[in-house]
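For reference, the structure is listed below as structure tokens.
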Amino acid sequence: MENKKVSLGDRYAEIAVILITVIALIAGWFYKSSVENSSVPFNVESISAQAPKGWLQSEPSGDELLRTTDRSSSGFNTTYILRDMPLAADTTASQVANLLTLSHGQDLLAFRVLDQREVTVYGKAAYELSYVYVESNPNLTHKNIPSVVRGMDYIFMNGNSAVVVSFWADDKNYDLDLGRFLLFLQSITY
Amino acid sequence: MTESKAVHERKHVWRNEFLLIISLVVFVGVVYVLDGALKPVFTASTLLLTGVFLALVPAAIWLVFFYMQDRHEPEPKGYVLGVFALGALFAAAIGVPLIENVFRVSHWIYTNTLSTILGGILVVGFTQEFLKYAAVRYSVYPSSEFDEPTDGVIYATAAGLGYATVLNIQFVVSNGGVDLGTGIIRMAVVALAQASFSGITGYFLGRAKFESEQVWWMPLGITLAAIFNGLFNWLRSNLSQTNVSLSGASANPWTGLVLAAIVAFATTGAVLWLIRRNLNSVQAGK
């Protein structure tokens, strides 16, 4: 059998293979984005949002309206929390941030505030509180290393209440999951 | 080299492929039975080392058969090992980071049937099959050692087993070791699947070099291998699905192994038949 050298036809075939692979990967990327960004409508107490599809939604408790968790995240499962906090008249966003800081400090292990500031989120005035804490399984026989979790709260003042949107993600996944959270944040109306 | 030589003297290539499948299934059975009977206790480090050792077994079995039987028309061992290493390198440097970190397939691929199939073909299938193709195409393919169509299958299998070895080591390391019984089944499934789909790419590579095929020939080969890859993963995930009941959860990894063995036999048989048919038609043409 003749052992022919790599020909011009081989070169074209080689380029065609690269092209078809690139096209498949681009199509795969678009498909991935459509699956990851697919959502289900959520509507409670005149607050509506587009919650991620396929995430686990926990039974709301206290002032929480929605708690949804991505069970497929590695380490700490990425979680969004939507709360409607009733407030006394004349309460400011920074006071709400202080309340949240105290509350997180009591509930979360090794809680530390990283930053807090006034921001504008998709045209709406908000107060941003970013922090970090450690999530450790309370079961002492559990062998997993505790996870470092980064959190971000957005506080929107809404008359006599504050709409608080929280984003919790494993430190390793935080930046990767932030884009999806911003879509959720953008979808919130009240 | 004559075509008849290629048909008759390279029978050991196919014998190696079939022996790999049978040996892996037997090896898995032996490890599973021993694990159940002896119930060995491991420390964290010995569990990890055992897992890494087991990850190397499928490739070692194939290479041993290959060395023992490839005497009449030997392929340079350095080339075979080199392509194996290149397949492993491409998997570790490009394939695994691209699939796991860039596409993050574990986050979305099992959302529903369509995403399992499309993600499995477009992302996992094309990435893996292209890298295995590249390991052969940009190393041994232009050389004079790649001197007959069957060489495509040999070298692509080596690349596929290199890729599978890295997938298995990555699985062991990321889990801090594996349960011997189910772990060895998973490793055999990955090795059989990667070797089988490589066989398809190898067949197309072999013909692309020795016959004036159309420009779409090689893209067709990669696409077919990627489709089989994606469909296999979907079928495996369906068949091995975890059953959850009040008494706990259970998964059946054996169905995955049976499926992988059937796919490996069918793919190898089909590629063997295609190569023989092709060589016969070349002979008849002369």
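Naming convention: chains lettered A, B, ... in sequence-line order (proteins, then strands); numbering from 1 in each chain.
- In this structure, CZ in B/F126 is found 9.0 Å from CD1 in A/I23, a value given to the nearest 0.5 Å.
- In this structure, A/A24 and B/L122 approach most closely via the heavy-atom pair O-CB, 3.6 Å.
- A/Y31 approaches B/N112 most closely through the heavy-atom pair OH-OD1, 4.1 Å.
- Atom CD of A/E118 has 12 or fewer heavy atoms from other residues, nucleotides or ligands within 6.0 Å.
- For A/I26, no part lies near chain B; criterion is any non-hydrogen pair under 4.5 Å.
- Between B/R104 and A/N173 there is a side-chain heavy-atom pair separated by less than 4.5 Å.
- In this structure, no portion of B/Y110 lies under 4.5 Å from any heavy atom of chain A.
- A pairwise comparison of heavy atoms in A/V35 and B/S115 identifies CG2-CB, 4.2 Å as the closest pair.
- With a threshold of 4.5 angstrom between heavy atoms, B/W108 approaches chain A through its backbone and through its side chain.
- Here B/L114 is the residue among B/L114, B/T223, B/N101, B/L220 with the most heavy-atom pairs under 4.5 Å with chain A.
- Between A/G28 and B/V123, the shortest heavy-atom distance links the atoms CA-CG2, 3.8 Å.
- Contact detail for A/K32 and B/V102: the closest heavy-atom pair is CE-O, 3.8 Å.
- At a threshold of 4.5 Å between non-hydrogen side-chain atoms, the residues B/M218 and A/Y12 do not count as touching.
- Proximity to chain B at a heavy-atom threshold of 4.5 Å picks out nothing from residues 80-94 of chain A.
- Nearest heavy-atom pair, A/T21 versus B/F130, reported as atom, atom and distance to 0.1 Å: OG1-CD1, 3.4 Å.
- Only the side chain of B/L98 comes within contact range of chain A, with at least one heavy atom under 4.5 Å from a heavy atom of that chain.
- Few gaps surround NZ on A/K124; more than 12 heavy atoms of other groups in view lie less than 6.0 Å from it.
- In this structure, no portion of B/F204 lies under 4.5 Å from any heavy atom of chain A.
- Other residues, nucleotides and ligands contribute only 12 or fewer heavy atoms inside 6.0 Å of the CZ atom of B/F228.
- The residue among A/I18, A/I15, A/L19, A/D70 with the most heavy atom pairs within less than 4.5 Å of chain B is A/I18.
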